[in-house]
Amino acid sequence: MPERLPAALLALLLAVYPSLAVATQPTAVVAPATEEEPAVEETAEEEGYRTREDWVVGYQEVLGQPGEISEGDLKATVVNSVLRPAGGYIPLEVVLFNPGATPRAVSIRVESQRMGRSQVSTRQVEVGPRQRLSAWVPVPSTSEGGMVRVSSPGSTFRPFNFYSVDPIGQPVLVLGSEQAFESGTKVPRVKEKPKLSVRFIEPRDAPRELALYVGHRMVVVAGDVTALPADAWSALEAYAATGGHLVLLRPPRDVVTRLPLLTQMPTGVVPYGFGRLRVCAQAKECGEGMMADVDRMEEPERGHVSVVAPAGPPPSWQRGPFNNRLLNDGEVPLLPGVQAPVGRFLLLITLFVLAVGPGGLMLARRKGPVALLIAVPSVALATCLAIVAWSVLVEGFAIHASRYSLIWLDRDRDRALMVGLGGYYANLEPEGLHVPAMAALIGPDVEWESQATEADWTNGMAVTGGFLPSRTYREWGEVAMLPSRARLGVRREGEGLRVQNALGAPLASGYVRLGGKLWELPELADGAEGEATLAPPSEDKVSFLHVVDFSVPVNRRFSRVDWKTLDGPLPEGGFVAKLEGPGLLPSSALPVELHEGAHFVQGRVDGP
């Protein structure tokens, strides 16, 4: 009887759960592979995002239901569902209306969730008398949804709930009406499997911060460019110049003036800084070109949205003692020695176990239990002090970093266009970091890792927590268009050329073309002067790429940089240089112990 119990239990389980029969019967009939393929294709069609061959040339608008609530004289409106960009930040709009005669101070707090981690974005605004204001709050794109809390002195609104909608095709932000978009591109609206998932925004309400655009692979200005506020247009130009893809359906006549990096009226797609610009002429050709741009955006590195792609940690199921030195997709950290010294700590713990185990038994037999009561806490204290001493003396309390960037120096307008990347390790979490409105932090494109968990967006981005957790390696990308007085001065001295380094960082090497000759720059400290030397004829066709010597892991993180656009010959009066040190990006304000700093800049010299 006992021998038959397992068979009886199996029969009972199969009777209660018929689905187990297929898994447990060795003689179960399996359908041939040719019959399973349609089911796989149907699943892929439902996803739509991964089978480009089945995409339909068209767009689909992502709509949400607006929720409105009033408290006294103040009214607030929030849409319950918003399009999730491929990375960066979700532009969450809170529309405020004050019909009263006195201004109102309003606080907006967005609490979102991702993989059990809370992310908080706040903003303080003032709504004038009888004013309608669109307040934008950037929410990390890793957020699945959350809660919006609006409050004002004397008034407290009930919370709003929102959730983010994953795009079917490529997420596109359109500044303008749906009618203007269709008439300017001839792209139809479709019901299923669109190539574009579109969100329309009124031009007057366009966001003013760069961070609200960086996550979108394409931003389209469908209406009149002159209808955009000046600060919104500045953010759009910064988006294009720092790696974005900007499309103008109705380019103004003064487009060269509004986009100062252009030298002539463009047609079609042209490089603009580190990004791209499409200037449309005919609607049908523009729409076809946009569809071709969308197809190219998936190659070769699908998933990397920005011009830089910081690596994130691997998923939890891939972490362990044998691969703790690798990041997602097998990438290595930019900063060596950032993992905890597990081997040394295990050695200390093993010695502690031996001391309190066999050593304690021997001590108890020889000296008695009183000696054991004194020895065990003493050994434990010594072990803890040894671990603490290792952390203090070897690792210290400073932030360790490696930082890299590409810089386009626009001396005519005294500004710098920058894209950069940094790897950081901090034993203690820093107090915070401030990023201006025309700059943005970019976190890793991994769904299981949240970005900055606490940030105030009242005046740019003030990170108050979660930027660098203690004893954790993190990588952050940055894009920025910032005012800059950095320059490289040159002057003639007889037949020679004297160079002054005013670039704000030590000069390691570089070239300048002047008087039809190519000169090699000397190694100079910041603020120092030196003599340039004529370069050999073999280097006469030097370009920006000739000085860019990123290592292979760093180069992969700049995977979406269009290197071909940076491979042009050095023009008369132009220079390319390699700088060292922390760089010029906003994160350079963090006090760090720099392991490596490599920054490559191109621009025009100051001088004859």
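No hydrogens, no waters, no symmetry mates; every other heavy atom, side chains included, goes into these values.
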So, for [X] and [Y], which heavy atoms are closest and what is the spacing to 0.1 Å?
X    : Y    : result
P85  : I90  : CD-CG1, 3.7 Å
Y424 : S587 : OH-OG, 3.3 Å
P522 : A532 : CD-CA, 4.1 Å
A486 : L409 : O-CD2, 3.3 Å
E237 : P260 : OE2-CD, 3.5 Å
A135 : V125 : CB-CG1, 4.2 Å

Measuring from atom [atom1] of [X] to atom [atom2] of [Y], what distance do you get when rounded to the nearest 0.5 angstrom?
X    : Y    : atom1 : atom2 : result
L570 : Q602 : CG    : CD    : 8.5 Å
L335 : I399 : CG    : CD1   : 11.5 Å
L488 : N501 : CG    : CG    : 6.5 Å
L468 : L590 : CG    : CG    : 7.0 Å
E111 : R149 : CD    : CZ    : 4.5 Å
L246 : Y272 : CG    : OH    : 9.5 Å

Taking [X] for its side chain and [Y] for its backbone only, find out whether a donor-acceptor pair lies under 3.5 Å.
X    : Y    : result
S121 : V110 : no
W233 : R258 : yes
R485 : A502 : no
H595 : G423 : no
Y213 : P207 : yes
E429 : G466 : yes
S164 : R84  : no
Y239 : H245 : yes
T472 : S470 : yes

Kindly indicate whether the side chain of [X], heavy atoms from C-beta on, has any atom under 4.5 Å from the side chain of [Y].
X    : Y    : value
F467 : R474 : no
V139 : Q119 : no
L262 : L277 : yes
P586 : L433 : no
V148 : V137 : no
Y473 : L334 : yes
L585 : W476 : no
L584 : V601 : no

Practice task
Kindly state each residue pair satisfying salt bridge (charged side-chain N to carboxylate O under 4.0 Å, His left out) with at least one member in residues 506-515, sequence neighbours excluded.
Solution key: R513-D540
Practice task
Return each pair, listed once, that meets salt bridge (charged side-chain N to carboxylate O under 4.0 Å, His left out) where at least one residue sits in residues 517-527; pairs must be two or more places apart or across chains.
Solution key: none
Suppose we screen for side-chain contact (heavy atoms from CB on, under 4.5 Å). Which residues come up paired with [X], at least two apart in sequence or across chains?
X    : result
P91  : W136, R199, L212, H216
T464 : E454
A508 : K578, E580

Practice task
Ignoring hydrogens and angles, state whether a donor on the side chain of H599 or S405 is under 3.5 Å from an acceptor on the partner side chain.
Solution key: yes
Practice task
Answer with yes or no whether the side chains of S107 and Q124 bring together a donor and an acceptor at under 3.5 Å.
Solution key: yes
Practice task
Start with the C-alpha distance between T242 and V307, add both sets of side-chain angles, then the distance that settles side-chain contact (heavy atoms from CB on, under 4.5 Å), and finish with yes or no.
Solution key: CA-CA 7 Å; T242 56; V307 68; 5.8 Å; no
If the condition is salt bridge (Lys or Arg N to Asp or Glu O under 4.0 Å), which residues does [X] pass it with, not counting sequence neighbours?
X    : result
E531 : R498
R557 : E331, E475
D410 : R413, R415

Problem - Criterion side-chain contact (heavy atoms from CB on, under 4.5 Å) on L514 and E572, from CA distance to verdict - result: CA-CA 6 Å; L514 202 64; E572 177 68 19; 4.0 Å; yes
Practice task
List the steps, then state whether side-chain contact (heavy atoms from CB on, under 4.5 Å) holds for W519 with L534.
Solution key: CA-CA 4 Å; W519 302 81; L534 281 174; 3.7 Å; yes
Return the set of residues passing side chain to side chain donor-acceptor pair (under 3.5 Å) with [X] (not counting sequence neighbours), or none when no residue passes.
X    : value
E493 : R491
S509 : none
T122 : D456

Practice task
For the pair L497 and R492, evaluate side-chain contact (heavy atoms from CB on, under 4.5 Å) and give the outcome as yes or no after the intermediate values.
Solution key: CA-CA 5 Å; L497 188 68; R492 292 283 189 179; 4.3 Å; yes
Practice task
Give me the ring orientation class for W457 and Y89: parallel if the planes are under 30° apart, tilted from 30 to 60°, perpendicular past 60°.
Solution key: perpendicular
Would you mind writing out the side-chain donor-acceptor pairs for residues 544-551 within the sub-3.5 Å range, not counting sequence neighbours?
from, atom 1, to, atom 2, distance (Å)
H546, ND1, S543, N, 3.0
H546, ND1, S543, OG, 3.1

Exercise for the section: Identify whether the distance between the nearest side-chain nitrogen and carboxylate oxygen of D293 and R217 falls below 4.0 Å. Expected result: no
